[in-house]
Protein chains: 2
Amino acid sequence: MAKAQKPTINDVARLSGVSKKTVSRVINKSPLLNQATREKVEAVIAQLDYVPNPQARALALRRNFLIGLIHDNPNAQMVLNVQEGILDTIRATEFALVVRPVDRHSPTLLDDIRHFIEQQRLYGVMLLPPLSENDELARLCRDLGCTVVRMGSARLDDEAHLVASNDQEAVCEAVEWLAHLGHHRIGFVAGPEGFRSARERELGFIAGMGRAGLTIDPALLTRGNYRFESGKAAGEALLDAENPPSAIFASNDVMAAGVLHAACARGLRVPQDLSIIGFDDTAIAAHIWPPLTTVRWPIRAMARTAALKLIRPETAAREPAFFPSDLVRRASAIEYSGDPTG
Amino acid sequence: MAKAQKPTINDVARLSGVSKKTVSRVINKSPLLNQATREKVEAVIAQLDYVPNPQARALALRRNFLIGLIHDNPNAQMVLNVQEGILDTIRATEFALVVRPVDRHSPTLLDDIRHFIEQQRLYGVMLLPPLSENDELARLCRDLGCTVVRMGSARLDDEAHLVASNDQEAVCEAVEWLAHLGHHRIGFVAGPEGFRSARERELGFIAGMGRAGLTIDPALLTRGNYRFESGKAAGEALLDAENPPSAIFASNDVMAAGVLHAACARGLRVPQDLSIIGFDDTAIAAHIWPPLTTVRWPIRAMARTAALKLIRPETAAREPAFFPSDLVRRASAIEYSGDPTG
DNA sequence: TTGTAGGCGTTATCAG
DNA sequence: CTGATAACGCCTACAA
């Protein structure tokens with residue numbers, strides 16, 4: 001039942017009585033072409049249901065129409081959002097998306113990626129955090145002749161090769177919101193050292209406390225690694241402090257969920273006894289109880305734009321590079337109700 | 001700094017003083033080759049850091065070394081696990097993974113997928129549930145000349161083209177576990193109609209109740225659509241029943257989280273007043289409070305095997321097709337403690 | 001065991 | 001505006 005054989009450019013040329021090259025011109029929308037000729041060829045193309053062979057084009061053009069997504073990101077929801085965003089942009093094009101999860105700590109990371117890019121002759125790659133913070137990696141990709149767009153939480157690159165959220169400002173606003181709710185002892189769970197996003201969120205916390213006129217108690221500063229268990233441990237440490245906080249900001253949602261576990265395990269009620277704010281607005285934020293107040297950043301839109309910068313480098317600089325985040329107010333953060341021990 | 005030009009098979013041939021064809025034989029590990037010749041050529045290949053151009057191979061062989069992952073699955077964690085499993089298998093090969101999220105309800109679904117497969121000349125595709133249950137789609141892919149492996153929760157295809165979990169048996173065991181804990185009024189939240197996995201889990205529930213010698217109260221049978229909100233609604237309906245259940249089995253974790261919300265919103269304590277069991281063991285299961293007892297199925301291992309069936313069809317039938325699930329016992333399901341209204 | 005000629009489907013060059 | 005002719009890098013068939 002399989003169709004005899006896929007039609008090739010030769011079939012189209014023969015049936016429409018022109019040369020291959022002319023057909024090629026039609027395909028590639030060359031401007032210098034007789035309108036009548038074009039229409040004739042297009043009719044045959046439609047009739048034959050002809051689709052150009054991308055492998056042949058790739059060979060002739062010395063470049064493959066593949067966009068690579070390289071990441072080592074533990075946040076499944078985010079990665080998937082990115083994939084969907086990229087697809088939004090390339091769906092109607094000849095590009096395809098090839099994914100490559102990697103291990104950031106592998107000693108052969110750079111070699112692996114080099115091999116991957118060379119082997120597949122990628123057109124361009126998109127780097128997700130935290131990998132996107134690796135300048136050496138970005139340089140490698142470019143040396144390999146492929147465009148790179150990085151997604152990050154700060155100015156990691158020039159605007160033609162970057163889509164970034166403004167984590168610092170977002171966290172700052174979240175902290176101000178807590179202050180506005182009357183909290184003055186606010187705990188902080190930082191992300192892992194070496195992560196740019198973690199650093200930005202940390203700076204945002206400091207700035208927010210400053211703007212709100214609150215002092216930072218070093219005893220309420222903890223650090224996790226963006227994973228659930230570390231958030232739980234940080235929550236325990238914070239709640240066991242001599243003078244515990246009435247609100248905690250965690251640098252991502254999963255750690256915020258960990259803080260929530262720590263609180264529940266101690267019999268505290270959230271949000272009555274403890275307010276919690278997270279970051280990312282991943283699925284978990286809305287699904288835990290109570291629903292988590294958190295910072296949302298427009299991942300999918302960023303990915304769409306990133307893909308655009310990848311496949312249309314000539315207009316890349318004109319696309320936005322910075323995307324605002326906003327605070328999603330849910331039930332996990334409410335007004336300060338006085339000292340629970342009082 | 002970009003290397004002048006990538007070496008081609010011609011460079012290797014020239015430098016090692018043999019013909020292209022001989023180099024080709026070395027690359028393809030042809031058995032009829034002088035050992036000395038082979039070693040000589042291999043040395044040159046290593047020295048030049050030569051990598052065969054996959055586009056050229058694809059053109060000559062009329063097939064591309066791309067595995068497509070086509071899905072319309074809302075569970076990010078699952079999709080990512082699948083991607084990682086496939087990568088485990090193809091990492092050291094010349095294959096690459098290209099992903100294609102689609103909209104199951106699009107009227108042009110089949111055409112879109114046909115176009116995608118033809119355009120990229122895919123080597124094989126992997127179908128995730130619920131798309132994998134679509135026989136018409138599977139047939140289309142095969143007619144297009146590409147191998148299909150389906151992932152599902154029942155015998156959707158022959159063993160060479162299938163990796164499946166046994167949802168029915170797994171749910172059955174979960175229900176027996178609840179019965180063993182002393183629960184006799186057990187509520188059920190089914191998945192959406194038309195989903196094979198939903199049907200299997202439903203059958204498992206019925207079987208489990210039967211095995212435990214419990215009767216099924218139709219008032220405790222509800223249906224959701226695998227999404228959070230529907231789980232919450234189902235939970236509300238169940239808890240508002242005249243004679244509410246002491247335990248609820250939800251057909252996936254997200255709906256279980258919804259049930260948990262419904263319970264919390266009514267001031268019930270989980271698990272003291274209500275036991276809950278979910279299905280999938282996605283990240284959310286461990287991260288909500290209390291940690292969710294749930295059914296885990298070995299997604300990544302299944303994906304690894306599926307990829308193997310895709311790239312080595314000749315040995316596909318020898319790979320396992322069925323994978324056992326197991327119950328992860330966490331805190332959300334405990335012993336029945338008598339009628340809460342009593 | 002190895003080499004030669006030709007083809008895979010497309011695009012680039014450069015005449016006409 | 002259009003068309004021969006020659007790449008692109010690899011593989012198959014056939015010959016030596």
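Just so it is clear: chains get the letters A, B, ... in the order the sequence lines come, proteins before strands, and each one is counted from 1.
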Going by an N to O cut-off under 4.0 Å, is there a salt bridge joining Arg300(B) and Glu84(B)?
yes
Considering only dC8(D), dT2(C), dT2(D), which nucleotide approaches the side chain of Asn34(A) most closely?
dT2(D)
Here the distance between atom P of dT12(D) and atom CD1 of Ile27(B), to the nearest Å, is 11 Å
On the nucleotide dT2(D), are OP1 or OP2 found under 4.0 Å from the side-chain N or O atoms that Thr37(A) carries?
yes
Indicate, with a heavy-atom threshold strictly under 4.0 Å, whether Leu61(B) touches base, sugar-phosphate, or nothing.
sugar-phosphate
For Val18(B), report the nucleic acid contact type (base, sugar-phosphate, nothing); a contact means any heavy atom under 4.0 Å.
sugar-phosphate
Give a yes/no answer on whether the side chain of Ser19(B) brings an N or O atom under 4.0 Å of OP1 or OP2 in dT2(C).
no
Between dA12(C) (C1') and Asn28(A) (CG): distance, integer Å:
11 Å
Is the cationic atom of Arg100(A) (NZ for Lys, CZ for Arg) positioned less than 6.0 Å from the six-membered ring centroid of Phe116(A) and within 45 degrees of its normal?
yes
Nucleotide dT1(C), atom C1' - distance to CD of Glu39(B) in whole Å
15 Å
Value in whole Å for how far the P atom of dC1(D) lies from CZ of Arg38(A)
10 Å
Output yes when Lys20(B) and Asp11(B) qualify as a salt bridge under the 4.0 Å nitrogen-oxygen rule, no when they do not.
no
Taking N and O atoms by type only, does the side chain of Lys21(A) place a donor or acceptor under 3.5 Å from a partner on the base of dA12(C)?
yes
Determine: side-chain N/O of Thr8(A) to OP1/OP2 of dG9(C), distance under 4.0 Å, yes or no.
no
Between Asn28(B) and Arg57(B), a side-chain donor and acceptor under 3.5 Å
yes
So what does Pro52(A) hit on the nucleic acid, given a heavy-atom distance under 4.0 Å: a base, only sugar-phosphate, or nothing?
sugar-phosphate
Phosphate contact (dG3(D) OP1 or OP2) by Thr22(A) side-chain N/O below 4.0 Å:
yes
Map Lys20(B) and Ala60(A) onto DNA chain C by nearest heavy atom, then report which one ends up closer to the 5' terminus.
Lys20(B)
Anything under 30° is parallel, anything over 60° is perpendicular, the rest tilted; go ahead and classify Tyr226(B) against Phe195(B).
perpendicular
Atom-to-atom span, CZ of Arg25(A) to C1' of dG3(D) - whole angstrom:
8 Å
So, does Arg62(B) get its side chain near the phosphate of dC8(C), meaning an N or O under 4.0 Å from OP1 or OP2?
no
Output the rounded distance in Å from CG (Asn53(A)) to P (dG9(C)).
7 Å
Rounded to the nearest angstrom, tell me the gap between atom CD1 in Ile9(A) and atom C1' in dG7(C).
16 Å
Please confirm whether the shortest side-chain N or O distance from Arg57(B) to OP1 or OP2 of dC11(D) is below 4.0 Å.
yes
Once you round it to whole Å, what is the distance between C1' of dG9(D) and CD1 of Ile45(B)?
14 Å
